[in-house]
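What you are looking at is a predicted structure, and each value in this text was computed from that prediction instead of being measured. First listed ligand is number 1; within each ligand, the first listed atom is number 1. Heads up: numbering here begins at 1 and tracks the sequence.
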Amino acid sequence: MISPVSLLRSCWPLLFFCVALTLSLTSPALAVPRWEAPDRVSQGRAFVVTVQDTKAHKGRKLPRLAVVWQGKTLPLTPVPVGKGGQGWAAQILLGVPLDAATGPKGRLPLKLICDGKTVSRTVEVLPVPWHQDRLSVAPRYVNPPKEVQSRIARDRKRTGRVLASFVPEQSWSLPFYRPVKGTVSASFGSRRVFNNQPRAPHRGTDLRGATGTPVHALAAGTVALAEDQYYSGNVVYVDHGQGVISVYAHLSAFDVKPGDRVERGQVIGKVGATGRVTGSHLHLGLLVQGVAVDAMPLCVSPLEVVGGPTPVTKRQPAKKGGAKP
Ligand SMILES: [Zn+2]
């Protein structure tokens, strides 16, 4: 017969392992925070990553957090939540490029770094059947003359500077405010052929609106740029923090200047027909960590990360004037 003492002696390595495992699973210092991201996202869509630890950990410091997406390491700012503010939560908006690979190659790695520890997952990219838009514009907007090349280069440089900046504080919140009520005249991502010459896909959504219609900011933020550019005409860039930047192009008038703080829904300008246009409309762009994404799915709640762009609405034949793509 085996005595209890000898049983304990023979089983002590197993007991030691069980105690160590229990400690490692319950110790707050070693716990991996809960993080959520969609498993599948369509090309050209944005999605939210949330990280949180709502358990109270007395005296524990907020963790250092970052996600790695599309080759960029992006910091997250955790904020205290819960009873006594002892838990924390953080979120970030990321984007899938409209030309991201799909199928077997369409699994994009997403990493979370929490206090130096890394956990990984993948996001499967779903294809979107982008359609083609054939448009006619003034020839100088398809093959710009030599004298405007330096102006175009200057516009790109100034825009690039805005896109390269990263404001850590989050000012955006979902859903976004729809900037004008007008319907979609050209959807995000369509392959564009100007005067029979193929050009870059449409990195925005065109919304109908007569010249002078007020344009509202998608979310709170700071005006990063408000100027006249060759292709965009009068354009406003609003930086919403954490790499989220909205663009409002072809305006007839500005209601803000660079450096202004704007609130969600605040009027930032008026619809117009300046720059490369065929008629009065708002071109709405959204850049998330430098990736152009469809802004329209973010103007509704809940956010849907799978699907194609908001389809074009045919013009009402009774209504004359207004917007063209
Ligand atoms: Zn447009």
Side-chain angles (χ1 to χ4, degrees), residues 43-46 95 97-99 128 130-142 144 152 155-156 159 162-163 176-218 225-238 245-254 268-288 290-299 308-315 321-325:
Q43 290 172 316
R45 290 245 176 170
L98 59 83
D99 53 2
V128 171
W130 305 109
H131 65 271
Q132 199 182 70
D133 271 346
R134 301 188 80 85
L135 305 159
S136 293
V137 293
R140 69 179 190 280
Y141 286 116
V142 182
I152 293 168
D155 290 349
R156 286 210 177 117
T159 304
V162 170
L163 300 185
F176 287 159
Y177 193 99
R178 191 179 172 115
V180 293
K181 286 198 179 79
T183 51
V184 174
S185 60
S187 49
F188 176 85
S190 50
R191 275 32 181 172
R192 315 203 96 184
V193 181
F194 286 97
N195 304 358
N196 293 322
Q197 295 181 45
R199 288 292 180 270
H202 191 213
R203 293 179 188 277
T205 304
D206 291 349
L207 295 166
R208 291 187 174 92
T211 292
T213 305
V215 174
H216 305 261
L218 288 179
L225 208 71
E227 63 184 31
D228 176 24
Q229 295 195 344
Y230 186 75
Y231 286 116
S232 301
N234 293 328
V235 63
V236 170
Y237 280 69
V238 179
I245 294 170
S246 57
V247 185
Y248 312 82
H250 312 311
L251 304 176
S252 58
F254 295 110
I268 50 108
K270 306 286 190 299
V271 171
T274 54
R276 185 174 66 181
V277 292
T278 59
S280 162
H281 71 278
L282 173 70
H283 170 95
L284 170 66
L286 181 68
L287 292 136
V288 171
V291 174
V293 293
D294 191 347
M296 301 315 288
L298 295 125
C299 294
T310 308
V312 168
T313 309
K314 289 231 167 78
R315 289 176 81 187
K324 282 180 191 172

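Looking at residues two or more places apart in sequence or on another chain, you find a side-chain hydrogen bond (donor to acceptor under 3.5 Å, both in side chains) between Ser190 and Asp133. By the side-chain hydrogen bond (donor to acceptor under 3.5 Å, both in side chains) test, Thr183 pairs with Arg208, sequence neighbours left out. Evaluation of the side-chain contact (heavy atoms from CB on, under 4.5 Å) rule for Ser232 yields Gln229, Val235, Ala249 as partners, not counting sequence neighbours.
More than 12 heavy atoms of other residues, nucleotides or ligands shown are found within 6.0 angstrom of CZ on Arg191.
Distances shorter than 2.8 Å separate the Zn ion (ligand 1) from the protein N/O/S atoms His202 NE2, Asp206 OD1, His283 ND1.
Distance NE2/His216 to CZ/Arg178: 12.0 Å, rounded to 0.5 Å.
Minimum interatomic distance between Pro311 and Val184 (heavy atoms only, all atoms of both residues): O-CB, 3.8 Å.
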